[in-house]
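Worksheet: the structure to be examined is printed underneath.
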Amino acid sequence: MKVVVLAGPESSGKSWLAAELHAHFGGLMVGEYVRYFIDHYQRDTTLADIPAIARGQLAWEDAARAEQPGLLILDTHLLTNTLWSQTLFGDCPAWLDSELLARHYDLHLLLSPEDVEWTADGQRCQPELADRRAFFQGSLDWLQQHRQPVVVIRGGWQARRDQAFAAVEQLLQEQAGSLLQ
């Protein structure tokens, strides 16, 4: 099983790109639990909600992993929960990092906020490009610090799709090559 994570700031195309990858490559796709949480509770989240949101995301991810698909596409993972908790509340449950590092991810597609417009959807809260750039940099810093495999995705929508498809294709070819040896 290969696990691909879409990471980066809001409105950079993670959900769209996860769906595009799923439609093209198949496998299983796991959505963003926080969207379900906000829709369900119909209120702004608080620091006290972060553990429930993180556990929900982990439960969705773990249920998908248990199915052992050839490809698992994650619209997000705990890094996003960690960074949002720090951004919104200035704090974060300490266990999120250890839970995140306890799981194996084969590839992170980190989407830049550049070259695409921010779109309001009732849940997003960073219309300023500078804020989304800071979130992107925080994501990149964490991924590099923890030596996680990452490909930065930039450009307009078609360029993002092309770069992501190429990265996933390469990942799957490497897997096929190792199976032949």
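Excluded from the calculations below are hydrogen atoms, water molecules and symmetry mates; all remaining heavy atoms, backbone and side chain alike, are included.
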Inset, instruction - Indicate the atoms forming the closest heavy-atom contact of Leu83 with Gly138, along with that distance. - result: CD1-C, 4.0 Å
Legend entry - 4.5 Å side-chain heavy-atom contact, Leu100 and Leu79: yes
Inset, instruction - Please round to the nearest 0.5 Å and tell me the distance separating atom CG of Leu74 and atom CD of Glu32. - result: 11.5 Å
Inset, instruction - Inspect the contact between Glu20 and Arg161 and indicate whether a charged nitrogen and a carboxylate oxygen are less than 4.0 angstrom apart. - result: yes
Inset, instruction - Using modelled atom types only, decide if a donor and an acceptor are shared between the side chain of Glu67 and the backbone of Ala64 within a distance under 3.5 Å. - result: no
Legend entry - Main-chain N/O of Ile73 paired with His22 side-chain donor or acceptor, under 3.5 Å: no
Legend entry - Donor-acceptor contact present, side-chain Arg147 to main-chain Leu143, <3.5 Å: no
Legend entry - Residue from Val3, Leu171, Val150 passing side chain to side chain contact (heavy atoms under 4.5 Å, CB included) with Leu107: Leu171
Inset, instruction - Please report the closest heavy-atom contact between Arg124 and Ser11, naming both atoms and the distance. - result: NH1-OG, 3.4 Å
Inset, instruction - Before accepting this row, confirm whether a basic side-chain N of the pair Arg132/Glu128 lies closer than 4.0 Å to the acidic partner's carboxylate O. - result: no
Inset, instruction - Decide if atom OH of Tyr41 counts as having more than 12 heavy atoms of other residues, nucleotides or ligands within a radius under 6.0 Å. - result: no
Inset, instruction - Evaluate the side-chain contact (heavy atoms from CB on, under 4.5 Å) criterion for residues Asp91 and Gln86: first the C-alpha distance (whole Å), next the side-chain angles of each, then the deciding distance (0.1 Å), finally the verdict. - result: CA-CA 5 Å; Asp91 196 7; Gln86 292 168 344; over 6 Å; no
Inset, instruction - Please examine the side chains of Ile53 and Gln57, heavy atoms only from C-beta on, and report whether any two atoms are closer than 4.5 Å. - result: no
Inset, instruction - Please say whether more than 12 non-hydrogen atoms of neighbouring residues, nucleotides or ligands are located less than 6.0 Å from CD in Glu117. - result: no
Legend entry - Short side-chain to backbone donor-acceptor contact, Ser85 and Ile50, under 3.5 Å: no
Inset, instruction - Indicate whether any N or O donor in one side chain lies under 3.5 Å from an N or O acceptor in the other, for Trp118 and Glu10. - result: yes
Inset, instruction - Verify the cluster assignment for Trp157 and Leu129: are they in a single hydrophobic cluster under the rule of side-chain heavy atoms below 4.5 Å apart? - result: no
Legend entry - Same apolar cluster: Val151 and Phe25, side chain cutoff 4.5 Å: yes
Inset, instruction - Mind listing the closest non-hydrogen atom pair of Gly26 and Leu71 along with its distance? - result: O-CD2, 4.0 Å
Inset, instruction - Answer yes when Lys2 and Asp106 have at least one side-chain N-carboxylate O distance shorter than 4.0 Å, and no when they do not. - result: yes
Inset, instruction - May I ask you to say whether Glu114 pairs ionically with Arg154, meaning some side-chain N is under 4.0 Å from a carboxylate O? - result: no
Legend entry - Heavy-atom pair of closest approach, residues Phe136 and Leu111: CD1-O, 3.4 Å
Legend entry - Within-4.5 Å side-chain heavy-atom neighbours: Leu101 and Ser98: no
Legend entry - Greater than 12 external heavy atoms within 6.0 Å of Asp44's CG: no
Inset, instruction - Rounded to the nearest 0.5 Å, what's the gap from CG on Leu58 to CZ on Arg65? Could you check? - result: 9.5 Å
Legend entry - Nearest heavy-atom neighbours spanning Trp142 and Asp97: NE1-OD1, 3.0 Å
Legend entry - Within the 6.0 Å centroid threshold, strictly below: Phe135 and Trp84: yes
Inset, instruction - Check whether Tyr36 and Leu6 end up in the same hydrophobic cluster, where Ile, Leu, Val, Met, Phe, Trp and Tyr are linked by side-chain heavy atoms less than 4.5 Å apart. - result: no
Inset, instruction - Identify which one of Thr82, Leu78, Asn81 satisfies the side chain to side chain contact (heavy atoms under 4.5 Å, CB included) criterion when paired with Glu99. - result: Leu78
Legend entry - Residue pair Asp62, Arg103: steps toward the salt bridge (Lys or Arg N to Asp or Glu O under 4.0 Å) verdict: CA-CA 10 Å; Asp62 290 346; Arg103 288 165 171 74; 2.7 Å; yes
Inset, instruction - Indicate, with yes or no, if the rings of His108 and Tyr105 have centres closer together than 6.0 Å. - result: yes
Inset, instruction - Output yes when Asp49 and Arg43 qualify as a salt bridge under the 4.0 Å nitrogen-oxygen rule, no when they do not. - result: yes
Legend entry - Gln148 (side chain) donor-acceptor with His146 (main chain) under 3.5 angstrom: yes
Inset, instruction - Might you work through the side-chain contact (heavy atoms from CB on, under 4.5 Å) test for Leu109 and Val168, ending with a clear yes or no? - result: CA-CA 9 Å; Leu109 300 175; Val168 172; 4.2 Å; yes
Legend entry - Electrostatic pair Arg160-Asp115, nearest N-O below 4.0 angstrom: no
Inset, instruction - Could you tell me whether the side chains of Gln170 and Glu174 share a donor-acceptor contact shorter than 3.5 Å? - result: yes
Legend entry - Distance, nearest 0.5 Å, that separates CG of Leu17 from CG of Asp75: 9.5 Å
Legend entry - Within one Ile-Leu-Val-Met-Phe-Trp-Tyr cluster: Trp60 and Leu21, side-chain cutoff 4.5 Å: no
Inset, instruction - Could you state whether Val30 and Ile38 fall into the same hydrophobic cluster, counting links through intermediate Ile, Leu, Val, Met, Phe, Trp or Tyr residues with side-chain heavy atoms under 4.5 angstrom apart? - result: yes
Legend entry - Minimal non-hydrogen separation, Pro9 against Pro113, with atom names: CG-CB, 3.8 Å
